[in-house]
Amino acid sequence: MARASASGQTRPASGTQEQTRQPPLFKVLMHNDDYTTMEFVVEALQKVFHKPPTEANRIMLHIHFKGVGLCGIFPYEVAETKISRVHAMAHAQGYPLRCTLDRV
């Protein structure tokens, strides 16, 4: 409950505090496969995850050599949307590229 102060502004009643909780975060991981081109992976990282070219290339090479790479950390709904966009782009080009999410 809020009450008005002498200046006419409202503030929370004493003894109450509102705490905002941050949504749980999820890692978006991109997985290596034998069919998707390196160029396409870089393009997806730039278009969907807004990575600059140098960082997109670094992530692509990590995925290529290690098998999986981190694309970003997002709230669940944002992570799901980005994964869907990557899958749609890959499917349209005939690539089996896969992304998954993992709770931070």
Side-chain angles (χ1 to χ4, degrees):
M1 175 187 271
R3 71 172 107 152
S5 67
S7 65
Q9 295 179 348
T10 59
R11 58 188 172 105
S14 8
T16 63
Q17 284 185 332
E18 290 186 32
Q19 290 195 1
T20 312
R21 289 189 187 181
Q22 295 296 324
L25 298 176
F26 292 81
K27 297 184 276 189
V28 175
L29 304 171
M30 191 176 286
H31 300 269
N32 189 38
D33 62 64
D34 293 333
Y35 304 100
T36 308
T37 65
M38 293 179 177
E39 293 81 10
F40 181 82
V41 171
V42 169
E43 179 184 349
L45 289 165
Q46 289 178 310
K47 286 186 177 179
V48 177
F49 298 98
H50 308 289
K51 300 294 183 188
T54 304
E55 187 176 356
N57 275 295
R58 183 188 56 76
I59 294 169
M60 176 275 297
L61 289 171
H62 184 84
I63 294 166
H64 180 71
F65 289 113
K66 301 291 185 177
V68 65
L70 178 66
C71 299
I73 299 175
F74 309 96
Y76 180 79
E77 291 81 12
V78 174
E80 278 288 315
T81 301
K82 289 188 181 290
I83 289 172
S84 294
R85 286 187 61 204
V86 169
H87 288 171
M89 283 176 62
H91 179 75
Q93 296 294 318
Y95 294 125
L97 183 62
R98 285 286 156 237
C99 289
T100 58
L101 53 84
D102 189 22
R103 190 157 186 175
V104 173

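Because only heavy atoms are used, hydrogens play no part in the values below, and waters and symmetry mates are left out as well, while side chains stay in.
- Counting heavy atoms from C-beta on, the side chains of L45 and M30 come closer than 4.5 Å.
- Here the closest non-hydrogen pair linking R103 and P24 is NH2-CB, 3.1 Å.
- Proximity of T36 to P96: side-chain heavy atoms (C-beta onward) are separated by under 4.5 Å at one or more points.
- You'll find the side chain of F74 stays beyond 4.5 Å of the side chain of L101, heavy atoms only.
- Within the 4.5 Å cutoff, the side chain of F49 has no heavy atoms near those of the I59 side chain.
- One distance of note links NZ of K47 with CZ of F40; it measures 8.5 Å at 0.5 Å rounding.
- A distance of 10.5 Å separates CG in N32 from CE in M60, rounded to the nearest 0.5 Å.
- Using a 4.5 Å heavy-atom threshold, the side chains of V42 and E39 count as separate.
- Note that the CD atom of E43 and the OG1 atom of T37 stand 8.0 Å from one another [nearest 0.5 Å].
- Separation of atoms NZ (K51) and CG (N57) is listed at 13.0 Å; rounding is to 0.5 Å.
- The closest side-chain heavy-atom distance from E77 to E80 is not below 4.5 Å.
- C99 has its side chain out of reach of L29: every pair of non-hydrogen atoms, C-beta onward, lies at least 4.5 Å apart.
- The shortest side-chain heavy-atom distance between H31 and T100 falls under the 4.5 Å cut-off.
- If you chain together hydrophobic residues whose side chains sit under 4.5 Å apart, M38 and V68 never meet in one group.
- For the atom pair CD1 of I63 and CG of L70, the computed distance is 9.0 Å after rounding to the nearest 0.5 Å.
- Classification of the F26-Y76 ring pair by plane angle, with boundaries at 30° and 60°, yields perpendicular.
- Considering all non-hydrogen atoms of both residues, P52 and Q46 come closest at C-NE2, 4.1 Å.
- One hydrophobic cluster, built from ILVMFWY side chains closer than 4.5 Å, holds both F65 and V41.
- In this structure, CG in L61 is found 12.0 Å from NZ in K66, a value given to the nearest 0.5 Å.
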